[in-house]
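Each chain gets a letter, A, B and so on, in the order its sequence line appears, and its residues count up from 1.
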Amino acid sequence: MLQINFVRENNQKIIDRLKARNFDASGIVEKIIDVDVKRREAQKNLDNNLAKSNALARQIGELFKSGKKDEAEKVKEQTTQLKQENKELQKELEKYKEEQETLLIQLPNIPHEAVKPGNTEDDNEIIFQSETDLKYSKDLLPHWDLATQYDLVDFELGNKVTGSGFPVYKGKGAKLQRALVSFFLDKAIEEGYAEYQIPLVVNEDSAFGTGQLPDKDGQMYHIPLDNLFLIPTSEVPVTNIYRDVILPESAFPVKCTAYSTCFRREAGSYGKDVRGLNRLHQFDKVEIVQIVKPENSYDVLDEMVNYVTSLVKLLELPYRITRLCGGDLGFAAAMTYDIEVFSSAQNKWLEVSSISNFEAFQANRMKLRYRDGQGKIHPAHTLNGSALALPRIVAALIENNQHENGINIPGALVPYTGFDSIL
RNA sequence: GGAGAGAUGGCAGAGUGGUCGAUUGCGGCGGUCUUGAAAACCGUUGAGGUGUAACAGCCUCCGGGGGUUCGAAUCCCUCUCUCUCCGCCA
């Protein structure tokens, strides 16, 4: 969420920059400015009235103390009208505040200047693409066939137990998953991230804090009985650890990592993109989160991209880095890099990580602030990225490493799997 | 699930209708002393809104919401959460 002061002072800039998202903000911004004026006027009126009421109340107290009851009763009469007015002014102010909040929440984050305008993922900039001798071949089996052939994943069982999008991993398939989680966590810890184990369900405040609510309401599984939500990513609980917190400068950079299962309804997804492990309702992921000083956040974004890149390199997967265009950018992000790995049998790039700088957008929502050297309070910047999301990594790993007699495991993983091939 | 207790500033913990945004202790920050540190002593130390060139001033906030009252952290209603005991249980 953008701060009202910021909107007031940068209205034209906001409208201009949001064009990169194909988002016409002019109407909303105009309304916000309008409501803001009214809100402040109402606030002033109410405050003045309350000041009068307070003064009278104090006076009555004094009079009672000194035994002048009759005079006190007289002053009381003056308060009745003020009271009535206060109630009305209060209501008016509440109304404007709500209006303003409702409008502010509708504004997505402002893309960074470097973000190119565009509509879909086709307009994303390719920043880097690794050279690869891996070529698409009709002889290569897609991972869903390999998974069945080597008994790694049972999609049918998942359908039976739960439904589509909830696969059952078996034997070496299950072990491979566990190995990847441990591998990713160990690497993150080496990189200075503190490991957390977090709840897989969150309350409404948390879902709002990171921007899932109200924007992506239908994308989360909801438990109405307790009004809790299954997390779509550990970003939600991890970042919300710092909701309503004022950090000292010395706490920076805050670096957290967490492994969690993630749940996504993926309403509206269908077709070949959901085949096999490509898009699931439940999947595992290791996430990295950083909370940093605003002036460092873009350096940190680069650092995080480099780190995630190092992981796909260790796994010997061909990859590319894209920078999302305005139209493909998430609601809360100012800049996002995607890391995609090449899936040789499907002949396509699979997104395995999305690394974003949210600048102050999440921090404003969840009141995550820091105190600078002068004691002034500012919103911090938040960033996060997958490091990494498992199922698509598994898909690429087994497709790219298949050979006539089995599947090879990349060397970096062998200490974790305990086997170097699947036969 | 049953019974009870509670929710106050970074933490601990007072405050049961009238200058209480809140006594006090710890912690933090600044200072005196010291070669330096510790100890001791002195001072300072919540957030938001409005307002200002900047101060000041004014307003709001004692878990959330509502009510009583001229006036509420203090009384009433309600919701949420936490703790203790019992039950169940990985």
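For K83(A), a side-chain nitrogen or oxygen approaches OP1 or OP2 of G71(B) to under 4.0 Å. The phosphate of U50(B) (OP1 or OP2) has a side-chain N or O of R39(A) nearer than 4.0 angstrom. The side chain of R58(A) contributes no N or O atom lying less than 4.0 Å from OP1 or OP2 of G71(B). A close approach under 4.0 Å does not occur between any side-chain nitrogen or oxygen of R369(A) and OP1 or OP2 of A47(B). Look at R40(A) and you won't find any side-chain N or O under 4.0 angstrom from OP1 or OP2 of C59(B). Side-chain N/O atoms of R371(A) include one lying less than 4.0 angstrom from OP1 or OP2 on A47(B).
Contacts with RNA chain B (heavy atom under 4.0 Å) in residues 41-52 of chain A: Q43(A), K44(A), D47(A), L50(A), A51(A), listed by number.
Remark: D34(A) engages K38(A) in a salt bridge, criterion side-chain N to carboxylate O under 4.0 Å. Under a 4.0 Å N-O distance rule, the pair K255(A)/E303(A) qualifies as a salt bridge.
Listed by first and then second residue, the ring pair (Phe, Tyr, Trp, His ring centres under 6.0 Å) pairs involving residues 149-173 of chain A are F166(A)-H281(A) (not counting sequence neighbours).
The nucleotide G43(B) finds its pairing partner in C29(B), both defining distances of the Watson-Crick or G-U wobble pair being shorter than 3.5 Å. U82(B): Watson-Crick or G-U partner is A5(B), with both key distances under 3.5 Å. Pairing of A53(B), defined by two Watson-Crick or G-U wobble distances under 3.5 Å, is not identified with any nucleotide. Pair check for A37(B) finds none; no Watson-Crick or G-U wobble contact set falls under 3.5 Å. Using Watson-Crick or G-U wobble geometry with both donor-acceptor distances under 3.5 Å, U74(B) finds no partner in any strand shown. Applying the Watson-Crick and G-U wobble criteria (two distances, each under 3.5 Å), C20(B) pairs with nothing in any strand.
Side-chain atoms of S164(A) and N159(A) include no donor-acceptor pair closer than 3.5 Å.
Heavy atoms of other residues, nucleotides or ligands lying less than 6.0 angstrom from CD of Q81(A) number 12 at most.
A distance of 9.0 Å separates CG of D36(A) from CD1 of I32(A), quoted to the nearest 0.5 Å.
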